[in-house]
Student: 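Take this structure first; my questions come after.
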Protein chains: 2
Amino acid sequence: MSSIKEVARLAGVSVGTVSNVLNRPELVAQETRLRVQAAVAQLGYVRNGSARHLRAGRSRTIGVVALDLSNPFVIDVLRGVEAAAETADLNVMVVNSSKDAAREARLLEMFEEERPFGVLITPVNAEGQDRRLGRLVARGIPVVVFDNSSRQGRGCAVAADDVLGGRLAGLHLRERGHRHIAFAGGPFTVRQVEERHQGLAGAMTPGDRLTVIPLPDLTVATGRTAGEQVAGLSRADRPTAVFCANDLVALGVLQELTRHGLRVPDDVAILGYDDIDFAAAAAVPLSSIRQPREQLGHTAALMLLEEANQPDFHEHRQVIFQPDLVERASTARAR
Amino acid sequence: MSSIKEVARLAGVSVGTVSNVLNRPELVAQETRLRVQAAVAQLGYVRNGSARHLRAGRSRTIGVVALDLSNPFVIDVLRGVEAAAETADLNVMVVNSSKDAAREARLLEMFEEERPFGVLITPVNAEGQDRRLGRLVARGIPVVVFDNSSRQGRGCAVAADDVLGGRLAGLHLRERGHRHIAFAGGPFTVRQVEERHQGLAGAMTPGDRLTVIPLPDLTVATGRTAGEQVAGLSRADRPTAVFCANDLVALGVLQELTRHGLRVPDDVAILGYDDIDFAAAAAVPLSSIRQPREQLGHTAALMLLEEANQPDFHEHRQVIFQPDLVERASTARAR
DNA sequence: GAACTCGATCGAAACGATTTTCTCCGGTTA
DNA sequence: TAACCGGAGAAAATCGTTTCGATCGAGTTC
């Protein structure tokens with residue numbers, strides 16, 4: 001209820017002095033400082049964020065537009081963001097576009113009004129949001145795109161090398177003796193999906209067989225349909241391994257194969273992507289391509305800080321992380 | 001970059017008129033309105049949120065302090081909150097206490113400064129936060145506690161009936177013929193855990209056997225240790241069903257039992273709690289007690305709105321939802 | 001045609017901080 | 001003793017809105 005004015009009155013000083021006590025205490029004589037602090041305590045005074053932000057021109061909040069909060073992958077990225085934000089004394093405001101472009105647009109409009117410290121975003125699609133992001137940047141709000149490197153060269157971005165991830169998957173499965181591999185994922189307009197597939201294909205050898213099971217989306221539900229397709233194939237046509245575009249799909253495939261009495265990995269091996277915690281927790285623990293999730297978020301936040309603090313001196317850049325393979329039971333060597 | 005002043009100048013009107021065009025267009029003559037709107041478009045003017053909030057005394061953002069974002073349960077609750085917020089033209093700012101009381105305290109301090117529209121919170125513990133929440137309320141910021149009914153009678157709260165959930169679990173397992181049931185969960189200082197256990201115990205009959213497997217936490221990892229314990233028991237001492245305090249634990253138990261060659265549900269049935277999507281996605285789809293997750297969040301947000309809009313007229317109340325049972329393979333009738 | 005209405009607009013006072021400039025005063029220095 | 005310095009606070013400008021009287025014509029009414 002009480003504002004800085006009342007604190008000033010109670011302490012018998014001007015509001016400017018109270019502000020100094022709060023923000024640059026070394027400028028204030030000790031006796032005065034103590035008097036002000038006592039007044040603050042007595043009134044239970046708390047600074048008004050809106051007023052501060054108005055004066056400062058921007059708030060101390062980083063806005064994060066997540067693509068899909070129900071993918072645990074994102075939660076871990078957020079953890080990294082929060083860690084970086086905390087050391088810089090910034091807040092993190094998470095909002096969820098749920099892969100909905102209209103919703104994303106609304107959220108970005110909201111951020112335009114709120115003048116946040118910066119915005120981290122995984123855009124729904126590569127083109128549509130460019131204009132809107134450009135408007136943010138024009139307003140002096142730094143933007144870093146994470147987990148989506150399609151805006152090459154246009155601004156700061158952090159992502160993982162999905163082609164490499166796909167290649168690692170392919171090499172691993174081949175090394176395990178698989179010569180007929182299926183790729184389950186989609187839509188291929190999503191960069192990640194396309195690149196993971198591309199990496200897999202590149203790791204295969206003439207004579208190998210690659211079956212693509214296109215999916216409209218990367219969820220457990222679509223994974224189940226993929227699993228059903230695989231289970232329905234004759235033994236000769238059935239791939240001996242399925243590489244899934246993410247772990248949610250892999251869980252769906254695993255469930256359906258199990259339900260049809262196929263053994264994992266003996267009949268069909270499964271390899272996922274992202275290494276979410278639930279992958280390790282599956283009944284047959286899933287092998288998966290791991291991305292440095294927390295680090296991804298952490299780095300994105302640091303780049304944002306840099307851009308915000310040295311707006312003139314700053315040069316945009318793209319950081320690409322290397323994924324690696326986590327081997328578990330679902331791709332164990334057949335007995 | 002441009003403020004309302006520049007819009008006013010360009011349109012040849014006063015700032016007050018511009019504000020009216022933006023907020024109460026019906027007060028402004030059409031010709032003027034069009035002129036102002038043209039100026040807004042030409043300058044790319046966007047309102048400054050901080051200034052609006054300063055004037056209004058509070059922002060249009062609902063703060064949500066989640067206990068643990070890595071539990072998918074929470075994400076679904078958030079979906080409900082967002083839906084309600086959207087229709088009221090409010091933003092949702094999600095932060096994560098990660099079950100850390102100190103962190104929670106910091107976040108609440110932050111919210112005290114930001115003067116949000118209201119705060120939704122699942123407190124880390126029932127006592128510590130009462131003072132801080134009280135301070136928010138004293139500042140006129142409405143608070144609704146969700147998914148934790150321990151603050152009985154002290155303010156608005158939304159939760160599910162966990163005793164009933166436990167009872168449903170017990171009745172279901174007994175009906176399936178189980179007479180030796182284990183309860184895996186903890187710590188018992190957490191209301192939910194205690195009440196679910198209590199409900200289970202109440203549903204059992206003299207002569208039945210109830211084994212408690214205490215856990216320090218409700219995660220997949222601790223679930224695995226529970227599963228290991230169960231698997232290590234002799235056939236005579238082994239419960240025929242395990243009721244888990246949440247689905248994460250259940251997944252861990254399932255994994256470990258499978259690893260030890262025990263069949264679910266034939267050797268041991270498993271029943272989880274929360275019905276997160278991953279429960280249905282498990283290799284053996286898990287039966288689970290379902291709480292109306294989205295509705296829980298939706299209701300909490302609506303109560304917040306009510307409290308915010310009729311501060312005088314409002315009466316605190318506690319809403320308790322009824323859980324129900326979702327039957328899947330993990331508790332199917334033994335063959 | 002004087003008094004009144006009424007709709008449309010203006011101008012100024014908040015809202016609560018931060019920051020810059022100005023004033024004051026005791027103490028140094030030449 | 002005059003000029004200067006520097007520390008400590010006060011005072012005022014400022015950030016961008018909203019909102020509330022005041023104002024000002026153009027019609028109405030008697």
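Only heavy atoms go into these numbers, but all of them, side chains included; no hydrogens, no water, no symmetry mates. Everything quoted here is computed from the prediction, not taken from an experiment. The chains referred to below are lettered A, B, ... by the order of the sequence lines, with proteins before strands, and numbering in each begins at 1.
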Student: State which of C:dC10, D:dT17, C:dA17 makes the closest approach to the side chain of B:V13.
Tutor: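 Between C:dC10, D:dT17, C:dA17, the one nearest the side chain of B:V13 would be C:dC10.
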Student: For A:V18, report the nucleic acid contact type (base, sugar-phosphate, nothing); a contact means any heavy atom under 4.0 Å.
Tutor: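 No contact at all - A:V18 keeps every heavy atom at 4.0 Å or more from the nucleic acid.
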Student: Examine D:dT19: is either OP1 or OP2 under 4.0 Å from a nitrogen or oxygen in the side chain of B:S19? Give yes or no.
Tutor: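 No, no such contact exists.
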Student: Is A:R47 near enough to C:dA17 that one of its side-chain N or O atoms lies under 4.0 angstrom from OP1 or OP2?
Tutor: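 Checking C:dA17 against A:R47, no side-chain N or O comes under 4.0 Å of OP1 or OP2.
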Student: Of the nucleotides C:dT18, D:dT19, C:dG16, which one has an atom closest to the side chain of A:V15?
Tutor: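 Nucleotide nearest to A:V15's side chain: C:dT18.
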Student: Which residue, B:Q30 or A:R52, contacts DNA chain C at a nucleotide closer to its 5' end, judged by nearest heavy atom?
Tutor: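 The residue mapped nearer the 5' terminus is B:Q30.
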Student: Check every atom of C:dA17, C:dT18, D:dG9 against the side chain of A:A29 and return the nucleotide holding the closest atom.
Tutor: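 Among the listed nucleotides, the one closest to the side chain of A:A29 is D:dG9.
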Student: Mind calculating the distance between CG (B:L54) and P (C:dG16) to the nearest angstrom?
Tutor: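 Between P of C:dG16 and CG of B:L54: 7 Å.
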Student: Write down the distance between CZ (B:R35) and C1' (C:dC10), rounded to a whole number of angstrom.
Tutor: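 In whole Å, C:dC10 C1' and B:R35 CZ are 13 Å from each other.
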Student: Please work out if A:G12 contacts a base, only the sugar-phosphate, or nothing of the nucleic acid, heavy-atom cut-off 4.0 Å.
Tutor: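 Contact class for A:G12: sugar-phosphate only.
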Student: Separation of B:L22 atom CG from D:dT17 atom C1', in whole Å?
Tutor: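 It is 10 Å, rounded to the nearest whole Å.
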Student: Respond yes when some side-chain nitrogen or oxygen of B:S14 is under 4.0 Å from OP1 or OP2 of C:dC10, and no when none is.
Tutor: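 It does, given that an N or O in the side chain of B:S14 lies less than 4.0 Å from OP1 or OP2 of C:dC10.
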Student: Could you state the atom-to-atom distance from CD1 of B:I4 to C1' of D:dT17 in whole Å?
Tutor: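 In whole Å, D:dT17 C1' lies 6 Å from B:I4 CD1.
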Student: Please report the distance, rounded to the nearest Å, between CG in A:L27 and P in C:dT19.
Tutor: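 Rounding to the nearest Å, CG of A:L27 and P of C:dT19 are 11 Å apart.
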Student: Taking the side chain of A:T32 as its heavy atoms from C-beta onward, which of D:dA8, D:dT17, C:dT9 lies nearest to it?
Tutor: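 Looking only at heavy atoms from C-beta outward on A:T32, the closest nucleotide is D:dA8.
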Student: Tell me: NE2 of A:H53 to C1' of C:dG16, nearest whole Å?
Tutor: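 These atoms are roughly 12 Å apart.
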Student: Rounded to whole angstroms, how far apart are CG on A:N48 and P on C:dT18?
Tutor: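 Interatomic distance, CG of A:N48 to P of C:dT18: 10 Å.
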Student: Begin from the C-alpha positions of B:R47 and B:N23 and carry the test side chain to side chain donor-acceptor pair (under 3.5 Å) through to its verdict.
Tutor: CA-CA 11 Å; B:R47 292 185 295 205; B:N23 302 304; 3.2 Å; yes
Student: Could you tell me whether the phosphate oxygens of C:dT18, OP1 or OP2, come under 4.0 Å of any side-chain nitrogen or oxygen in A:N23?
Tutor: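 So the side chain of A:N23 is within the cut-off, an N or O lying under 4.0 Å from OP1 or OP2 of C:dT18.
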Student: Can you see which heavy atom on A:L54 is nearest to which on B:S50, and at what distance?
Tutor: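 What the structure gives for the nearest pair is N-CB, 3.7 Å.
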Student: Side chains of A:E113 and B:N48: donor-acceptor distance under 3.5 Å anywhere?
Tutor: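 Their side chains do not contain a donor-acceptor pair, so the 3.5 Å distance test is not met.
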Student: Atom CZ of A:R58 to atom P of C:dA17: distance rounded to whole Å?
Tutor: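 One finds 20 Å between P of C:dA17 and CZ of A:R58, rounded.
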Student: Within the 4.0 Å heavy-atom criterion, would you say B:V36 contacts the bases, only the backbone, or no part of the nucleic acid?
Tutor: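 The residue B:V36 makes no contact with any strand.
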Student: Would you give the length of the straight line joining atom CG of B:N91 to atom OG of B:S59, rounded to the nearest 0.5 angstrom?
Tutor: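 Rounded to the nearest 0.5 Å, the CG-OG separation comes out at 7.5 Å.
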Student: Between B:R115 and C:dC15, is there a contact of a side-chain N or O with OP1 or OP2 at under 4.0 Å?
Tutor: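 For B:R115, the contact criterion (side-chain N or O under 4.0 Å from OP1 or OP2 of C:dC15) is not met.
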Student: Would you mind reporting whether A:F146 and A:V81 have side-chain heavy atoms less than 4.5 Å apart?
Tutor: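 Not in contact.
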Student: Measure from the side-chain heavy atoms of A:R24 and tell me the nearest of D:dT17, C:dA17, C:dT20.
Tutor: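 From the listed options, C:dT20 comes nearest.
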